[in-house]
Amino acid sequence: MPARLHDDEGRITECGGYVRVDFESCNVAELSAVYQAFANFCLDHKVTRALLKAGDNDPKGHYRLRDALTMMAQLAPIPADFKLALIPGKPAIEAIYCEAQGHLRAAGFNAWVFSSEIEAVDWLQGRALGGRTAS
């Protein structure tokens with residue numbers, strides 16, 4: 001079944017049990033808008049699985065992830081089974097996502113940084129066979 005698009009740019013899609021957000025070719029203003037749209041979508045649709053795939057954009061714009069999750073937590077309880085897969089597009093974004101992973105996991109969120117989309121989807125769909133992300 002094809003993914004269903006949920007925004008004008010096609011950046012937020014519903015894919016087999018998880019929501020996929022693609023930040024490819026976003027400028028800083030678009031990054032902020034897409035993170036806000038992601039948070040709103042999660043709240044409106046009670047999302048429990050999400051994959052965020054960064055592009056080669058401005059790394060500092062990805063600090064908006066923190067803002068989006070803070071907004072979500074302030075407006076409604078985050079589901080206990082919420083899983084967040086982060087896929088960086090370049091090393092500078094990986095550093096930001098790894099920092100976010102540490103903060104999120106310390107706050108009780110199930111969030112991991114992945115090097116490939118295949119690995120991230122396997123984890124989101126419960127097919128991870130072991131290792132640190134078999135949760």
>> Membership question, hydrophobic clusters at under 4.5 Å side-chain separation (ILVMFWY): are Ile96 and Leu69 in the same one?
In response: no
> How many angstroms lie between atom CG of Leu51 and atom CZ of Phe114, to the nearest 0.5 angstrom?
Replying inline: 8.5 Å
>> Can you tell me how far apart OG1 (Thr48) and CG (Asn110) are? Round to the nearest 0.5 Å.
In response: 11.0 Å
>> Quick check: closest heavy atoms across Ala120 and Ile87, and the distance to 0.1 Å?
In response: CB-CD1, 3.9 Å
> Distance-only, no hydrogens or angles: does the Asn57 side chain make a donor-acceptor pair with backbone N or O of Leu31 under 3.5 Å?
Replying inline: no
> Do Trp112 and Arg105 come close enough that some side-chain heavy atom pair is under 4.5 Å?
Replying inline: yes
> Taking atom CG of Leu104 and atom CG of Leu86, what is their separation to the nearest 0.5 Å?
Replying inline: 7.5 Å
>> When you group the ILVMFWY residues by side-chain heavy-atom contacts below 4.5 Å and let the links chain together, are Val34 and Leu43 in the same group?
In response: yes
> What pairs meet the salt bridge (Lys or Arg N to Asp or Glu O under 4.0 Å) rule with one or both residues in residues 85-99, with sequence neighbours excluded?
Replying inline: none
> side-chain contact (heavy atoms from CB on, under 4.5 Å) between Ile93 and Phe23: does it pass, once the steps are laid out?
Replying inline: CA-CA 12 Å; Ile93 297 171; Phe23 293 97; over 6 Å; no
> Can you tell me how far the CD atom of Gln101 sits from the CG atom of Leu65, to the nearest 0.5 Å?
Replying inline: 11.5 Å
>> For the CG atom of Leu75 and the CD1 atom of Ile78, what is their distance to the nearest 0.5 Å?
In response: 9.0 Å
> Can you list the steps and then say if Val19 with Phe41 is a side-chain contact (heavy atoms from CB on, under 4.5 Å)?
Replying inline: CA-CA 9 Å; Val19 171; Phe41 184 84; 3.3 Å; yes
>> Using side-chain contact (heavy atoms from CB on, under 4.5 Å), reason through Met72 and Phe82 one step at a time and then give a plain yes or no.
In response: CA-CA 12 Å; Met72 286 171 56; Phe82 185 79; 4.3 Å; yes
>> Restricting to non-hydrogen atoms, name the atom on Ala92 and the atom on Pro59 that form the minimum distance, rounded to 0.1 Å.
In response: CB-CG, 3.4 Å
>> Please give me the minimum heavy-atom distance between Glu30 and Cys26, naming the atom from each residue.
In response: OE1-CA, 3.2 Å
> Are His62 and Tyr35 near enough that their ring centres are under 6.0 Å apart?
Replying inline: yes
>> Can you list everything that forms a side-chain hydrogen bond (donor to acceptor under 3.5 Å, both in side chains) with Gln125? Sequence neighbours excluded, please.
In response: Arg127
>> Main chain of Ala33, side chain of Gln36: is a donor-acceptor contact present, judged purely on distance under 3.5 Å?
In response: no
>> Minimum heavy-atom separation for Ala39 and Ala68, please, with both atom names.
In response: CB-O, 3.6 Å
> Could you give the distance from CD (Glu117) to NZ (Lys53), rounded to the nearest 0.5 Å?
Replying inline: 4.5 Å
>> What I'd like to find out is whether the side chain of Met71 reaches to under 4.5 Å of the side chain of Asn40, using heavy atoms alone.
In response: yes
> Does any N or O in the side chain of Arg49 come within less than 3.5 Å of the main-chain N or O of Arg20, such that one atom is a donor and the other an acceptor?
Replying inline: no
